[in-house]
Structure formats: structure tokens, C-alpha cells
Amino acid sequence: MSLNARLEAIRQNLPEHVALCAVSKTKPLALLQEAYNAGQRIFGENRVLEMADKYEVLPKDIQWHMVGHVQTNKVKLMIPFVSLIHAVDSERLFREIDKHAARYDRVVDVLLQVHIAREANKHGFAGHELNVFLDSGTLEACKHVRVRGLMGMATFTDNQAQVRREFATLKQTFDDVKEEWFGSQAHFDTLSMGMSGDYQIAIEEGATLVRIGSSIFGARG
Ligand SMILES: *Cc1c(COP(=O)(O)O)cnc(C)c1O
């Protein structure tokens, strides 16, 4: 199947309210251009330098999403152009984004990453840490960051029931956080969950943004 056909097949599986982030990490420019020519506009990368290099040369109407874990010393490189940072997992990173966004007179959209998997090596706020963070006054203090929603990654497992439970937990957390902290603010509207192997389950459980790489661009080496 061509890239075009794979992209089209995925799009046909997405309800209208679910956006597609095409995760192009490690993939060459030509493949991104091919996806762009097929109408794709949201691209996800997991390394700031690689994303900045691709941003330089590809069309300027691409929306660049940083989907990976971000080191604070790399933040400033992407602030001029990044469209959404998916994996904000600490107050330190949040404040760093705010600091650099202020210098560029920007308000940068972010998602808070929540730890839902059983694997300890995955990042994100644990449930209670998320509450502590939201209560800390950081959101109010950081006028150059706008929280658009939550992001999470399920455990890498064949056990679909477990994956579904983890996504359902994240959706519940999303609803609770929205009600308690963002109730009247319509911009808290994004729930990023689901990758090539589990995006259909994620959509059934309430995802509004899926991050799909290998099913579009092929396996990574
Ligand atoms: C690589 C990556 C994806 C895409 O994974 P695929 O299995 O290739 O679809 C999604 N989200 C994050 C955070 C990633 O790092």
C-alpha cells in the first residue's frame, strides 16, 4: 500500500471530532512531504532538534506537535514555531515553556502527560501529582502557557482489556480535571491518546487526538 492509501485508510477510521497527528520521527523529509501532499497538516516529532530541522525546510502551514519527553534545555529551540507540546510532565518544564514563550510574546498550547501505563519507564504525572500541580498556582502564574488537555500512553501489551482500562482511566481523569479546573474554559478540549496499535480503542474511550506513526510511514528501523 502507498503512504497515500495508508493515510486514507486511517482517516476513514477517524470520527470527525478526532484529529490525526502523523508521527514522523526518524522519517526522511520526502515522506513528510508526501503526507503533506496528501493533505496531512499535523506532524508529530519526539526530538526537538529533528523537529526544528524539518520545520526549517517544510511548508510553513504545518502544525508541529512535540509528542516526546522534552528536556528543559531544549525548550527554547521550538518555542518560535511549535503548535502543541503533548508531554508536559513537570512543573519545571511547564515554567520553562512559560519563560521562553513570554520572550517570544506567545501563548504556547500544551497537554499534561498523565502516567497511565504499568511500565515505570513511561513519563507523566501520577494521579495525585496531577492534582498537586493543578493546585499549585503554576497555571495562574504562567500566562504564556495554555493547557489544552491531557495526554497518555497505554502499556505496551497485547492485553486489549488492560489498554482499554488505562484509556478509560485517562478519560475519567480528563473529565474530572476539566470540571474542577477548567469548567468554563472551552479551550480545555484535547485528549491525546492512541498510537498505531491501539488508536481504535483510544477513540472508543474518548480520544480527540491520535498520534499515529508506523501505520502511516512504515516501521522505524
Ligand atoms: C512514536 C510515538 C508515537 C507513534 O507510535 P506508532 O506506534 O509508530 O504509531 C505516538 N506517540 C508517541 C509519544 C511516540 O513517541
Side-chain angles (χ1 to χ4, degrees), residues 1 3-14 18-29 31-32 34-35 38 40-54 62-71 74-75 78 82-90 93 97 109-125 148-160 162-164 166-167 170-171 173-174 190-221:
M1 232 199 293
L3 190 152
N4 219 318
R6 289 196 297 264
L7 199 50
E8 199 42 51
I10 290 166
R11 284 193 186 126
Q12 284 180 359
N13 276 329
L14 300 186
V18 178
L20 171 62
C21 174
V23 179
S24 48
K25 62 190 183 196
T26 79
K27 296 298 177 182
L29 292 168
L31 287 188
L32 280 75
E34 206 178 321
Q40 184 63 29
R41 289 296 178 273
I42 304 175
F43 289 85
E45 293 283 334
N46 73 337
R47 288 176 189 277
V48 172
L49 291 174
E50 182 178 345
M51 183 169 77
D53 286 346
K54 288 172 170 173
I62 287 176
Q63 296 164 45
W64 292 99
H65 286 196
M66 172 45 60
V67 301
H69 183 66
V70 181
Q71 292 171 294
K74 297 279 172 25
V75 166
M78 66 175 159
V82 71
S83 162
L84 182 66
I85 303 174
H86 284 233
V88 176
D89 61 355
S90 71
L93 177 58
I97 294 167
D109 283 344
V110 306
L111 305 176
L112 302 176
Q113 183 174 8
V114 182
H115 189 273
I116 53 171
R118 289 205 185 151
E119 295 134 315
N121 63 345
K122 289 202 167 131
H123 294 279
F125 291 101
R148 295 294 303 270
L150 303 181
M151 176 270 205
M153 294 172 86
T155 305
F156 186 71
T157 173
D158 289 335
N159 183 341
Q160 301 214 340
Q162 183 184 344
V163 169
R164 186 178 294 282
E166 291 172 358
F167 285 148
L170 184 56
K171 172 65 158 89
T173 305
F174 176 85
T190 304
L191 181 54
S192 167
M193 59 185 193
M195 318 192 342
S196 292
D198 56 19
Y199 75 90
Q200 271 146 332
I201 300 174
I203 291 169
E204 286 164 19
E205 296 303 327
T208 68
L209 178 59
V210 292
R211 311 176 308 269
I212 301 182
S214 45
S215 290
I216 297 171
F217 297 106
R220 288 176 298 273

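Residues: numbered from 1 along the sequence shown. Order of appearance sets the numbers: ligands from 1, and atoms from 1 within every ligand. As a basis for the values below, the full set of heavy atoms in this structure was taken, side chains included, without hydrogen atoms, waters or symmetry mates.
Not one N or O on the side chain of D198 forms a donor-acceptor pair closer than 3.5 Å with the backbone of I201.
V67 O, 3.4 Å is the protein heavy atom nearest to atom 13 (C) of ligand 1.
Inspection of the H65 and H86 side chains reveals an N or O donor paired with an N or O acceptor under 3.5 Å. Side-chain atoms of R6 and S215 form no donor-acceptor pair, as typed in the model, at a separation below 3.5 Å. Side-chain atoms of Q200 and E204 form no donor-acceptor pair, as typed in the model, at a separation below 3.5 Å.
Between the CZ atom in F167 and the CD1 atom in I203 there is a gap of 10.0 Å [rounded to 0.5 Å].
Listed by number with element, the atoms of ligand 1 under 4.0 Å from a non-hydrogen atom of R211 are 4 (C), 9 (O), 10 (C), 11 (N), 12 (C), 13 (C). If you number the atoms of ligand 1 from 1 as listed, the ones under 4.0 Å from a heavy atom of S196 come out as 6 (P), 7 (O), 8 (O), 9 (O). For ligand 1, the atoms sitting less than 4.0 Å from at least one non-hydrogen atom of I212 are 9 (O), numbered in the order shown with element in parentheses.
Of the listed options R220, M153, M195, K25, K25 places a heavy atom closest to atom 14 (C) of ligand 1.
For ligand 1, one of its N or O atoms has an N or O atom of S214 under 3.5 Å away.
Note on ligand 1: H86 sits outside its first shell, no heavy atom being nearer than 4.0 Å.
Scanning both residues, F125 and S90, for their nearest heavy atoms gives CZ-N, 3.5 Å.
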